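Working notes for the structure below.
This is a predicted model, so every value here is computed, not measured. Letters go in sequence order (proteins before strands), and every chain restarts at 1.
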Amino acid sequence: MQTVLLTNQQTFVLTPDQDTFYLLLLNQNAGGGKIQVDLSLTKNDLHCQLLFIGILKSKSDWQLISNIKHLAPNSTCLTEVYLSQMNESKVDYFGRIYIDSQAAHTQSFLKEQSLIMGQDTYNRSRPTLEIFNHRVQASHSASISRPDETALFYLMSRGLTKIEAEKMVEKAFFNHVLDSIKVKKARQLIEDYLPC
Amino acid sequence: MKQVSLKKLNDAYQDRFGFVMPEKSVVSFDFGLSPEVIENISKSKQEPTWMRDFRLQSLQIFYQKKMPTWGPSLAEIDFAKIRYFIKDTDVEKKTWDDVPKEIKDTFDRLGVPQAEKEFLAGVKAQYNSEVAYSSLQAVLDEQGVIFCSMEEALRKHKKLFKEYFATLIPATDNKFAALNSAAWSGGSFVYIPKNTQVKRPLQSYFRINAARMGQFERTLIIADEGSSAQYVEGCTAPVYSEYSLHAAVVEVFVKKNARFRYSTIQNWSGNIYNLVTKRAKVFGNGVMEWVDGNLGAKTTMKYPSCYLVEEGAYGEMLSIAYAKDQQIQDTGAKMLHLASNTSSKIIAKSVSVTGGQSNYRGLVYVDKAASNCKSKVECDALILDAQSSTNTFPDMKIFGDEASVTHEASVSEIEEEKLFYLMSRGLNKTEAMTLLVAGFIEPIVKELPLEYAVELNRLIELEMEGSVG
């Protein structure tokens, strides 16, 4: 599977002709922006993965769109969005999976997780499914929450301050993502993106 | 193709629910909507001036409001070609013997008197525009429980009625709420006094008999502090070649520590546009549960909601949508967390077969001022053939940083292995699929009173017949 880093653009219109891992790392220093990825799977037996990772700095304002269209049979796609949100950051995510009536035996999954690290954040999530074929498997899941209180309590009971504990939970959140990435080049890019 | 499918659906429905009785109305107005029609509705009900004015203002709002620009097409609806009021009895009857024969026969065939005898605490039977029959167990009457038609409540319980009416769903809410506010007729008024527990369900049954009819019942429910009750509604109509419109408004107030469950088995015929606004306001530690079974109608647009306005309030929605033969079931739920420590759950299951389309459309909103809120949404869809489709449109708006919201949705076909296993045990394909569909919706069906759960399973069996090739 080839790896493609999506960068320096706001809109990406993608029609891959081979299995591809698309990686989009949101600029940690940016005040926000609108990023749209349109990915059309027009060839049979095509397998793609699209991963958004973002540490959204304080007061940043993001609009993220992923639009996955399965137009041919036997294609698979995994879309994942992992975000951590700092103080007063805003994110509006719209994730669409469309499976055409011609796209039998398609598998498409969307997973979005937002970890709320700061105060007064705003998160809007709209993961949608539009399915016009019955020989498919499709699902989406979204979760928006603060770090687990039990985990924080455990770490603080071991001598970490609350800030240190929160940072460690955030690191664990992204490490979990990293562990699931099998593509070496993508792993390296993500490791470079994440704070030490 | 579309016409053939619709005919199939209507034929299956015709025998059990789709029969028609001759029209013998006491009062009815011609087709079309105008201030005169609204004034005449108000006049025929001998309403106070404030209600007549409310209706007329609502009509102006209806004229101003645009049709929804999202969701299924409603372009076919021509408001000038609908009858807005047909009254079939002069007064609401308290015994079935006093009910006009055609109406009594209708409800007999639908099994309402039998259900009343066996397990209900009270019954309202609405025929076209008004409630034709009404009953309530004497013991509940003595406890101060009120279960009457909206018209009777307006006359006998003025203060209570005016305090709550249209405060949760104003006429300005949407075009169909405005239409209902202008033309409302019939529906149930329920008041459960403080700390009163009503063990058996209260039931309303809505029947449209006339062709090109608009039914605009309005239901207002107040569960006072510490009370609990369960309300069940069912609905059917004859099969006509032309459409009819059902645009109801339901307002439920669940006070502190009260618990209310509102269950619906919607089984309108395949020519009905079912466009309903349902909303509950839930106060401190109150519990509101919507249980919604949508099987019938041509197009349904219904998104019951809970406004969780005080700490500890809980809202729940369990829904089943079954879309067959070009039906569109556009259903969902809205949970608005407006206070801290509130929680909600939405579980929606849908089945699409032989060209049906089921859509889940929902909202979870957590206000900035609301901390420590929890919400869980689960949507599962089964799609059984190549002609059908299913869509999921959830929306989660989370202000503030203390909420925990999860959403999961999945779409799949029936697993071949399960089908094979059941067929290897001697079931034919239809029986096996019916059993698997029943298993799929079982978590919601089991929340219904036993009699309704059995009826819902029988309806699913009926719907599945002939839908598997």
So, do [X] and [Y] sit near enough that their side-chain heavy atoms are less than 4.5 Å apart?
| X | Y | value |
| --- | --- | --- |
| A:R124 | B:D395 | yes |
| A:H140 | B:P394 | yes |
| B:K368 | A:Y122 | no |

Applying a heavy-atom distance below 4.5 Å, give me the residues of [range] that approach chain B, sorted by number.
| range | result |
| --- | --- |
| residues 145-166 of chain A | A:S145, A:R146 |
| residues 128-138 of chain A | A:T128, A:L129, A:E130, A:I131, A:F132, A:N133, A:H134, A:R135, A:V136, A:Q137, A:A138 |
| residues 112-120 of chain A | A:I116, A:G118, A:Q119, A:D120 |

Just give me the residue among [options] that pairs up with chain A most often, heavy atom to heavy atom, under 4.5 Å.
| options | result |
| --- | --- |
| B:S412, B:A386, B:A381 | B:A386 |
| B:M396, B:K374, B:Q357, B:K376 | B:M396 |
| B:S352, B:S410, B:S388 | B:S410 |

Supply the atom-to-atom distance [X] [atom1] to [Y] [atom2], rounded to the nearest 0.5 angstrom.
| X | Y | atom1 | atom2 | result |
| --- | --- | --- | --- | --- |
| A:K111 | B:E408 | NZ | CD | 10.5 Å |
| B:N391 | A:I97 | CG | CD1 | 12.0 Å |
| A:K90 | B:F399 | NZ | CZ | 8.0 Å |
| B:Q387 | A:S101 | CD | OG | 10.5 Å |

Which answer fits B:E402, side chain, backbone, both or neither, if we ask what part of it has an atom under 4.5 Å from a heavy atom of chain A?
->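 Both parts, heavy atoms under 4.5 Å.
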Interface moiety of B:E415 toward chain A, non-hydrogen atoms closer than 4.5 Å |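 Interface part for B:E415: neither.
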By a 4.5 Å heavy-atom criterion (distance strictly below it), what part of A:T121 contacts chain B: side chain, backbone, both, or neither?
->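 A:T121 touches chain B through backbone and side-chain heavy atoms alike.
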If you look only at pairs with a residue in residues 3-32 of chain A, which of them pass as a side-chain hydrogen bond (donor to acceptor under 3.5 Å, both in side chains), with sequence neighbours excluded?
->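 Of all non-adjacent pairs touching residues 3-32 of chain A, those that pass side-chain hydrogen bond (donor to acceptor under 3.5 Å, both in side chains) are A:Q2-A:T20.
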So which of A:S108, A:A142, A:P127, A:S139 has the biggest tally of heavy-atom pairs under 4.5 Å with chain B?
->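 The candidate making the most pairs under 4.5 Å is A:A142.
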Around A:M168, counting heavy atoms of other residues, nucleotides and ligands shown, do more than 12 lie under 6.0 Å from its CE?
->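 No, the 6.0 Å shell around CE holds no more than 12 heavy atoms from other groups.
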